[in-house]
Structures are given as structure tokens and as C-alpha cells.
Amino acid sequence: YRLGLLLLALARCPALKVAQRDAVPLSRARPVHKVLQRFESQLRDMFDKYRAADIVRGLGTSGSEDKISLRELWLLMADAGQMDQRFGLSKLAAAFVAANACAAGARDDGSWRNWDWELDYPAFVEALVRVAEVRWRGGDAELEGKVERLLAALAARPEPRGL
């Protein structure tokens with residue numbers, strides 16, 4: 001319930017740059033896409049392992065087993081040591097919402113009832129790109145460098161317990 005309220009607040013917050021449904025995903029930029037291609041097998045593996053993480057860890061279900069929820073994305077980021085004082089749940093949720101809004105075939109019409117609460121694989125990848133952009137915002141590195149830094153950290157994470 002609280003997570004739903006947080007997402008609603010984020011979706012309505014004008015201070016956050018949340019993508020519009022017709023926005024071009026950041027993952028389509030050529031330099032970023034090249035980085036994503038290099039990590040393709042690790043990304044698929046992460047997605048497959050974490051899309052049912054909440055069920056496996058006894059946290060109940062958050063929906064479909066072929067998509068990843070915000071809770072499952074948080075588990076991945078926490079397991080990789082990426083959640084800290086500078087990058088918390090609100091920023092992760094903002095990246096999740098933005099990726100969801102600009103995903104190909106986004107079904108939401110902007111209303112609360114039609115919001116898609118989970119990400120398919122392409123939207124998951126877009127969310128990770130947006131996490132990298134927000135996590136190291138203001139740095140000198142280009143987006144592709146930030147994405148490579150995040151993906152390397154995620155790929156080097158310890159094997160998740162119980163998955």
C-alpha cells in the first residue's frame with residue numbers, strides 16, 4: 001500500500017523528470033546500446049533470477065513471473081550494494097516509473113488504474129540505464145560510462161541467496 005502511494009506521489013511530482021509515454025528511451029542511444037550489448041547475457045541472467053525473487057524469498061507475489069516488479073528490482077540493487085544514502089527507494093522508483101512510461105507498447109493512459117506495475121525485459125534494461133543516469137547525475141562521465149559502471153557492479157554482485 002505504501003509503495004503504491006509512493007509511486008503515485010512520484011508520478012505526480014513535477015520536480016522529477018519522469019519520461020512521457022512517447023519519450024525516446026535512453027537505452028536507444030548508440031553508445032549506451034553498445035554497452036548494453038556487451039552485458040546482454042548478464043542482463044538476461046539477472047532478469048531471469050530476480051523476476052520471481054519476491055516469491056522465492058517468501059515475500060509474497062507482486063504479479064507476473066515473466067516481468068520484474070519494483071520490489072524485485074530493489075532486491076537486485078540491494079544485493080549488488082547499490083542502495084545507499086545517496087540512492088534510495090524514491091530514486092529507484094523514479095527510474096522504474098520513467099522506464100515504464102516510455103516502454104514500447106506502454107499500456108498506461110496516465111491514470112492510476114491502468115498503470116503497469118511491472119517491467120518486461122526491455123523496460124527493465126531501460127530502468128537500469130535510468131538508474132545509472134540518476135545515481136551518478138552531475139558527474140563528468142557520459143551516460144554510457146555510467147551505465148557500464150552500474151552493469152559491472154551488478155554483474156560482480158555476489159550470487160543472490162535463495163535464488
Side-chain angles (χ1 to χ4, degrees), residues 3 6-7 10-11 13-54 62 64 66-108 115-161 163:
L3 183 57
L6 172 66
L7 288 175
L10 289 171
C13 181
L16 293 173
K17 294 182 178 179
V18 175
Q20 301 296 320
R21 280 179 281 151
D22 58 351
V24 176
L26 299 176
S27 58
R28 289 191 187 164
R30 175 167 269 173
V32 172
H33 186 70
K34 286 183 180 181
V35 171
L36 294 172
Q37 285 179 318
R38 286 200 319 268
F39 284 90
E40 176 70 20
S41 65
Q42 293 101 324
L43 287 168
R44 287 272 176 198
D45 185 52
M46 284 179 232
F47 183 78
D48 289 340
K49 283 184 179 170
Y50 281 88
R51 64 185 177 169
D54 52 359
S62 59
S64 173
D66 63 341
K67 294 184 177 184
I68 195 164
S69 68
L70 178 58
R71 182 182 350 183
E72 293 160 338
L73 182 59
W74 180 86
L75 289 170
L76 167 64
M77 298 296 291
D79 282 351
Q82 296 301 304
M83 303 302 292
D84 57 28
Q85 292 291 339
R86 293 175 307 151
F87 189 82
L89 180 59
S90 62
K91 289 182 181 177
L92 181 64
F96 183 94
V97 168
N100 202 341
C102 74
R107 297 177 302 155
D108 70 281
W115 185 257
D116 190 359
W117 290 95
E118 295 187 312
L119 304 174
D120 59 10
Y121 178 75
F124 162 73
V125 172
E126 176 67 21
L128 294 179
V129 171
R130 290 177 179 275
V131 163
E133 194 263 333
V134 170
R135 183 153 174 70
W136 293 289
R137 181 169 283 163
D140 292 337
E142 297 293 326
L143 180 56
E144 62 271 17
K146 295 174 184 180
V147 170
E148 186 159 13
R149 181 177 175 185
L150 176 65
L151 296 183
L154 293 176
R157 79 195 183 292
E159 192 62 28
R161 289 163 287 160
L163 296 183

Original post:
Is the closest side-chain heavy-atom distance between F87 and V131 below 4.5 Å?
Top reply: yes

Original post:
Side chains of L76 and R157: closer than 4.5 Å at any heavy-atom pair?
Top reply: yes

**OP:** Grab the two heavy atoms, one from S27 and one from V129, that are nearest each other, plus how far apart they are.
**Re:** CB-CG2, 3.9 Å

Original post:
With a 4.5 Å heavy-atom cut-off, do V32 and E144 have their side chains touching?
Top reply: yes

Original post:
Looking only at heavy atoms, what is the nearest atom pair of A127 and A95, with distance?
Top reply: O-CB, 4.0 Å

Original post:
Is the number of heavy atoms from other residues, nucleotides or ligands under 6.0 Å of Q42 CD greater than 12?
Top reply: yes

Original post:
If you measure from CZ on R130 to CG on L143, what distance do you get to the nearest 0.5 Å?
Top reply: 9.5 Å

Subject >> NZ/NE/NH1/NH2 to OD/OE distance under 4.0 Å, E148 and R38 >> reply: yes

Subject >> Salt bridge flag under 4.0 Å for residues R137 and E133 >> reply: yes

Original post:
So do the side chains of F39 and L128 get within less than 4.5 Å of each other, counting heavy atoms only?
Top reply: no

Original post:
Which value, rounded to the nearest 0.5 Å, describes the distance between E72 atom CD and K67 atom NZ?
Top reply: 12.0 Å

Subject >> Minimum side-chain heavy-atom gap C102-R28 below 4.5 Å >> reply: no

Original post:
Where is the tightest heavy-atom contact between A155 and M46, given as atom of each residue plus distance?
Top reply: N-CE, 4.0 Å

Subject >> Spacing of CG belonging to L92 relative to CH2 belonging to W74, to within rounding of 0.5 Å >> reply: 9.5 Å

Subject >> Close side-chain approach of L43 and L154, heavy atoms under 4.5 Å >> reply: no

**OP:** Look at the aromatic rings of F47 and F124 and report parallel, tilted or perpendicular, splitting at 30° and 60°.
**Re:** tilted

**OP:** Measure across L36 and L151 and return the closest heavy-atom pair with its distance rounded to 0.1 Å.
**Re:** CD2-CD1, 3.8 Å

Original post:
Which heavy atom of L150 sits nearest a heavy atom of M77, and at what distance?
Top reply: CD1-CE, 4.0 Å

**OP:** Indicate yes or no for a side-chain donor-acceptor contact from K146 to the backbone of W136 under 3.5 Å, with no hydrogens or angles considered.
**Re:** yes

**OP:** Work out which heavy atom in F96 is nearest to a heavy atom in L70; give both atom names and the distance.
**Re:** CE1-N, 3.4 Å

**OP:** May I ask you to decide whether R135 forms a salt bridge with D84, counting only side-chain N to carboxylate O separations under 4.0 Å?
**Re:** yes

Subject >> Main-chain N/O of N100 paired to E126 side chain as donor or acceptor, under 3.5 Å >> reply: no

**OP:** First locate atom CG of L73, then atom CD of E118, and finally report the distance between them rounded to the nearest 0.5 Å.
**Re:** 11.5 Å

